[in-house]
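Below: one structure, written as structure tokens.
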Amino acid sequence: MEAKMSQFFGSVSDFFTGADHIPWCDRDVIAGCEREIAEAEKASSDELISECIMRLSWALVHSRQPEDVQRGIAMLEASVSGTTSPLQLREQLYLLAVGYYRSGDYTKSRDLVERCLRIAPDWRQALTLKKTIEDRITKDGIIGIGIAVTAVGLLAGGLAAALSRKK
């Protein structure tokens, strides 16, 4: 019983704080990935450069800084069109979905994760992200309804007060 109560209060807390289970990345990790790319470019190995760019893209879309997230999205969008490997496309679509989720574009994020799931229907990471996105859309909808109801209530209260003063 205590575990269920703890889970309930945890989910209520998550609802109001907007907590999700997508990891964050610090600027020092991003800097390390950028150094890796510079070193890989000296070695002139296309495969190594591609791997380093994917790691940097991962770090950028998981950043707390909006400009990093946007940079990661731009890098991934530029590379998606040239991808021929279904596995690599799946990874890029997933990272794009994370980036759009982090930037608040939940509809685009959901569309991308659904494309990802068409490639790998049982991929747990993408299924978890899809649920996180849908939960966030639901939460935003509930908050929007609450704001609208409050505004209507205030308006009705103001009208009632104005009408009662006239009498």
Side-chain angles (χ1 to χ4, degrees), residues 6-145:
S6 176
Q7 182 181 10
F8 170 76
F9 286 116
S11 65
V12 170
S13 173
D14 287 350
F15 177 82
F16 286 107
T17 61
D20 58 48
H21 303 290
I22 301 170
W24 293 100
C25 186
D26 294 327
R27 284 264 168 121
D28 59 334
V29 174
I30 294 169
C33 291
E34 289 170 335
R35 280 191 301 276
E36 279 184 0
I37 290 174
E39 292 169 10
E41 287 173 343
K42 290 176 188 172
S44 299
S45 168
D46 290 339
E47 187 176 326
L48 180 59
I49 292 170
S50 179
E51 288 175 17
C52 292
I53 288 173
M54 280 300 291
R55 279 196 291 276
L56 177 59
S57 298
W58 184 95
L60 289 169
V61 299
H62 286 87
S63 173
R64 293 183 188 271
Q65 306 301 319
E67 61 274 8
D68 290 341
V69 174
Q70 291 304 315
R71 191 171 139 217
I73 289 171
M75 287 175 66
L76 288 160
E77 284 181 339
S79 65
V80 163
S81 61
T83 302
T84 57
S85 163
L87 182 61
Q88 191 173 16
L89 180 62
R90 175 193 82 163
E91 294 286 331
Q92 290 171 336
L93 291 172
Y94 175 79
L95 291 175
L96 270 171
V98 169
Y100 279 108
Y101 175 80
R102 289 282 190 227
S103 65
D105 190 345
Y106 306 123
T107 304
K108 179 106 174 166
S109 180
R110 183 176 51 193
D111 293 343
L112 287 163
V113 83
E114 285 173 356
R115 279 181 59 194
C116 181
L117 287 167
R118 277 185 244 138
I119 297 169
D122 297 329
W123 192 26
R124 190 177 308 182
Q125 216 174 343
L127 290 168
T128 301
L129 178 59
K130 183 177 179 185
K131 176 154 180 20
T132 301
I133 294 164
E134 289 172 349
D135 290 349
R136 187 59 183 246
I137 290 170
T138 301
K139 175 188 168 193
D140 286 358
I142 290 170
I143 290 171
I145 290 170

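We number each residue from 1, following the sequence as shown.
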Which atom pair, heavy atoms only, marks the closest approach of [X] to [Y]?
X: Leu76; Y: Val61; result: CD1-CG1, 3.9 Å
X: Ala120; Y: Arg90; result: CB-CD, 3.5 Å
X: Gly72; Y: Leu60; result: CA-CB, 3.6 Å
X: Trp58; Y: Pro23; result: CZ2-CG, 4.0 Å
X: Ile30; Y: Ala59; result: CG1-CB, 3.8 Å
X: Gln92; Y: Ser79; result: NE2-OG, 3.2 Å

Spacing of [X] atom [atom1] and [Y] atom [atom2] [to the nearest 0.5 Å]:
X: Thr83; Y: Glu91; atom1: OG1; atom2: CD; value: 11.0 Å
X: Leu95; Y: Leu129; atom1: CG; atom2: CG; value: 10.0 Å
X: Ile119; Y: Leu87; atom1: CD1; atom2: CG; value: 9.0 Å
X: Glu39; Y: Glu41; atom1: CD; atom2: CD; value: 10.5 Å

(request) Please assess Cys52 against Leu56 for the test side-chain contact (heavy atoms from CB on, under 4.5 Å), listing each intermediate value before the final yes or no. (result) CA-CA 6 Å; Cys52 292; Leu56 177 59; over 6 Å; no

(message) According to ring-ring contact (aromatic ring centres under 6.0 Å, His included), who are the partners of Tyr94, at least two apart in sequence or on a separate chain?
(response) Trp123

(message) Listing request: all ring-ring contact (aromatic ring centres under 6.0 Å, His included) pairs with a residue in residues 66-89, at least two apart in sequence or in separate chains.
(response) none

(message) Check this for me: does any side-chain nitrogen of one of Asp111 and Arg115 sit under 4.0 Å from a carboxylate oxygen of the other?
(response) no

(request) Look at Glu67 together with Arg27 and state whether they make a salt bridge at an N to O cut-off of under 4.0 Å. (result) yes

(request) State, with a plain yes or no, whether a side-chain heavy atom of Leu96 is found less than 4.5 Å away from one of Val98. (result) no

(request) Please answer whether the main-chain N or O of Asp105 pairs with a side-chain N or O of Ser109 as donor and acceptor at a distance below 3.5 Å. (result) no

(message) Out of the candidates Leu112, Ile22, Val113, only one should pair with Tyr101 under the side-chain contact (heavy atoms from CB on, under 4.5 Å) rule; please name it.
(response) Ile22

(request) Not counting sequence neighbours, which residues clear side chain to side chain contact (heavy atoms under 4.5 Å, CB included) with Ser50? List them please. (result) Gln88

